[in-house]
There are 2 protein chains.
Amino acid sequence: MEKRATIKDVAEAAGVGVATVSRVLSGGSASAATRERVLAVAAQLDYRPSALGRNLRQRRTGGMGLLVPDLTDTFYGQLSEGVLACARSAGEPVVIGSTGGDPEQEADLIGMLLEQSVDRLIAVPSGDADTWSPVLRAGMTVVFADRLPLQSSPEDVRAAAVADLMALDGLSAAAPARPLDVPAVVADDRAGIRTAVRYLRGLGHKRIAFLGGPGQDSRVNAFREAVGAPVDEELVVFGTGSRDSAYAAASGLFQSRPDLSAVVAGGNVLGEAAVLAARELDLRVPRDVSLVMYDDVPWAELCSPPLTVIAQPGRDMGYRAAELVLRAGGRRPRSVVLPTELIIRGSCGPHR
Amino acid sequence: MEKRATIKDVAEAAGVGVATVSRVLSGGSASAATRERVLAVAAQLDYRPSALGRNLRQRRTGGMGLLVPDLTDTFYGQLSEGVLACARSAGEPVVIGSTGGDPEQEADLIGMLLEQSVDRLIAVPSGDADTWSPVLRAGMTVVFADRLPLQSSPEDVRAAAVADLMALDGLSAAAPARPLDVPAVVADDRAGIRTAVRYLRGLGHKRIAFLGGPGQDSRVNAFREAVGAPVDEELVVFGTGSRDSAYAAASGLFQSRPDLSAVVAGGNVLGEAAVLAARELDLRVPRDVSLVMYDDVPWAELCSPPLTVIAQPGRDMGYRAAELVLRAGGRRPRSVVLPTELIIRGSCGPHR
DNA sequence: TTGAAAGCGCTAACAT
DNA sequence: ATGTTAGCGCTTTCAA
């Protein structure tokens, strides 16, 4: 295990200065002869520039961070694959962290990324706007994916505004109307949910329930909007993110409201819970209850009957987010809203 | 966005030398008074040591690399969660890469890790022993998870042995009988498959097929061993790793050998394909065909009937692998074989 | 076009 | 117990 060649080795072997080697390797100006010689020597020595030196010099790590709630959730697996595909084609490293949907773990992981000087981050956020403002102020370029941080409470927003004012050194900036102004790549939850609710309505369903998870505000809101006032709040229930709590929520819902005839699950883990709970309670899908699940995952087709889903492009979402965070050349990239698609399979039937 | 405090800032503010700060922060010796003062100043300045400086000085990045074939495969999601859990509790960063099961992409990613000076790696290998020897020789501490690299062809092995001999500088080492001597954390495939085959045999099945994927050598071998000679080779088929090819393999198998009565799928993606293909061909599970799938994934329970599986502890596997790679204090850690469990649900029935 | 030299933030060897 | 100092490998002024 001989140690790696350094830029100095290459410089000496090529009879030039280290600066010249650096220039040649990063596409700077150099005479054709020099360039050729340096390249040859570098190849011959199997020289690989060390990211360590470069990073320290530039005071930043290349690549990007990626924070997701849970890699056993297939949707986040898809999203991550998208991010990794983009990063790979750019030759950039990705430092990943799984937050478990817990703001504290998320904060810890952010701290770790800061320590590593990773200054670009793609995150499916779990903490609220307050936990994220400091990150932005620390100079991180972040792109949210799948969802946005919860809005902070009014007093928190006020506090943040004051902090912002105090932070204004010489830099003039437009006063932020909202505390968080970060690009994001998300699915068109509003349209997706609306389409699903309309579809169920069209089948004659009146009592439609929503089974949500943490961070699914936009889907819940979309649901409330789609069913229209008055919303039967008992039909809107939440799990905390774990499979167990999702199951408990689903089971509780079915038992407390046997009059419901359809449910919209806000994500694939919730859909899974709904199928399980329904079976446990001897409710047949779709005879006794119709089911639409957010997320198209491979196993949706394996269910009996196959699940009707609101598909969102997880992989694209990740890929686009990675593109945004890489391209962010100082300028704030625009947010992206990706379309959803209602894929009708067999889990919804007419209301009876 | 004021820039971060450095160790020098802390030293000056505390009226001590930088070395003292470094010592205090890394638990070296210092008087109680000094320690206290330094800590106070550091906290007050919100000082976070930069990994950049430390890494360069130590010529190595902390943390570890993680290479898996595909994050949309739930099993690798579980494995990754295990790795991340261990890394998080150690405060170490994880650089992840998805290889798509392709040796070339794997090689690229290894190159990226080398460039980052990541010298600890957990990998579900796709390349064979030849592609891995250079990595080991480069000084990486690697722990394989889930499977081992394919053995190289005989001439390659011989070449590697020669290379090893030539690499023997002053270091004396026992002559390696095998070209690759790397710790690994794997499931007890042999027992898992044997149990499944016996179970199917017990139900009266004679023509049992195996549906495998890349890198599942040990499972195939275990299958061959379990069914005993003569092995009907037509009943042993392979996909290339993608969902499509798995489906094609499963479908082809069912069509070419309608006489088979049971199939063992070597992984959850293959199991998925088998369920899909069977349904497409109007084969009922378990009436027409019994199915056992390697991997216990949440959706296995959602199928109708719920799938009988050979469960392997994916999360533990990742966690243990991470422990090994972190603890590797120069000494080669021992390999670990994790138990599997046959979980009987409803996808197997008596032969008819 | 090229080279010399100054660090980036940190740790470790050495000196006190 | 503590301070001084020499780099780790690289990029980037600044001169030549």
Side-chain angles (χ1 to χ4, degrees), chain A residues 2-39 41-42 45-63 93 112-119 138-139, chain B residues 2-39 41-42 45-63 91 93 113-119 138-139:
Chain A
E2 69 283 14
K3 69 175 198 286
R4 266 167 54 180
T6 72
I7 196 174
K8 206 175 153 198
D9 299 327
V10 177
E12 281 172 7
V16 298
V18 292
T20 302
V21 177
S22 176
R23 273 187 222 105
V24 168
L25 264 42
S26 46
S29 64
S31 74
T34 312
R35 152 165 287 112
E36 205 170 334
R37 189 148 35 93
V38 169
L39 255 23
V41 171
L45 257 46
D46 191 31
Y47 169 67
R48 323 236 333 145
S50 159
L52 259 33
R54 183 184 335 140
N55 291 346
L56 177 56
R57 172 66 220 234
Q58 303 183 156
R59 288 126 138 240
R60 51 182 296 274
T61 300
M112 183 270 285
L113 292 173
L114 249 21
E115 187 165 326
Q116 304 292 325
S117 298
V118 171
D119 62 353
Chain B
E2 69 283 17
K3 67 177 197 286
R4 265 168 55 180
T6 73
I7 197 173
K8 207 174 153 199
D9 298 328
V10 177
E12 281 172 7
V16 299
V18 290
T20 302
V21 177
S22 177
R23 272 188 219 105
V24 168
L25 265 42
S26 47
S29 63
S31 75
T34 315
R35 152 165 287 112
E36 205 169 334
R37 191 148 33 94
V38 169
L39 255 22
V41 171
L45 258 44
D46 190 32
Y47 169 67
R48 320 238 337 146
S50 159
L52 258 32
R54 186 185 333 138
N55 291 346
L56 177 56
R57 173 63 222 237
Q58 303 182 156
R59 286 119 143 255
R60 52 181 295 275
T61 301
L113 291 173
L114 249 22
E115 186 166 326
Q116 302 293 324
S117 298
V118 172
D119 62 354

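Quick caveat, the model's predicted, so the values are computed rather than measured. Proteins get letters first, then strands, A, B, ... in listed order; numbering begins at 1 in each.
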Given DNA chain C, 5'-ward residue of the pair B:G53 and A:A19, judged by closest heavy atom: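 Going by which nucleotide is closer to the 5' end, it is A:A19.
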Looking only at non-hydrogen atoms, find the nearest pair between [X] and [Y] and report the distance.
| X | Y | value |
| --- | --- | --- |
| A:R4 | B:S117 | NH1-OG, 4.1 Å |
| A:L52 | B:R60 | CD2-N, 3.8 Å |
| A:A5 | A:D9 | CA-OD2, 3.3 Å |
| B:L25 | B:Y47 | CD2-CE2, 3.2 Å |
| B:V10 | B:V41 | O-CG1, 3.9 Å |

Nearest whole angstrom, please: distance from the [atom2] of [N] to the [atom1] of [X].
| X | N | atom1 | atom2 | result |
| --- | --- | --- | --- | --- |
| A:L114 | C:dG9 | CG | C1' | 16 Å |
| A:K8 | D:dG7 | NZ | P | 9 Å |
| A:R54 | C:dG9 | CZ | P | 18 Å |
| A:R4 | D:dC8 | CZ | C1' | 13 Å |
| A:I7 | C:dA5 | CD1 | C1' | 14 Å |
| A:L25 | D:dT11 | CG | C1' | 12 Å |
| B:R37 | D:dT2 | CZ | C1' | 11 Å |
| A:L45 | D:dG9 | CG | P | 14 Å |

Side-chain donor or acceptor of B:R23 paired with backbone N/O of B:S29 under 3.5 Å: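 It does not hold such a pair.
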Sugar-phosphate only, base, or nothing, as touched by B:V18 at under 4.0 Å among non-hydrogen atoms: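 B:V18: base contact, heavy atoms under 4.0 Å.
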Sugar-phosphate, base or nothing in reach of B:G15, heavy atoms under 4.0 Å: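 Since only primed, P, OP1 and OP2 atoms lie under 4.0 Å of B:G15, the category is sugar-phosphate.
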Please check the phosphate of [N] (OP1 and OP2 only) for any side-chain N or O of [X] closer than 4.0 Å.
| X | N | result |
| --- | --- | --- |
| B:S22 | C:dT11 | yes |
| A:S31 | C:dT2 | yes |
| B:T34 | D:dT2 | yes |

Base D:dG9 paired with A:R48 side chain (donor-acceptor, <3.5 Å):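 No such pair is found, so the answer is no.
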Salt-bridge present (A:R54, B:E115; N to O < 4.0 Å):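 Yes.
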Minimum-distance nucleotide (side-chain atoms of A:S50 versus C:dT1, C:dC10, D:dC10):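 Between C:dT1, C:dC10, D:dC10, the one nearest the side chain of A:S50 would be D:dC10.
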For DNA chain D, the residues among residues 56-63 of chain B that have a non-hydrogen atom under 4.0 Å from it: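 The answer is B:L56, B:R57, B:R59.
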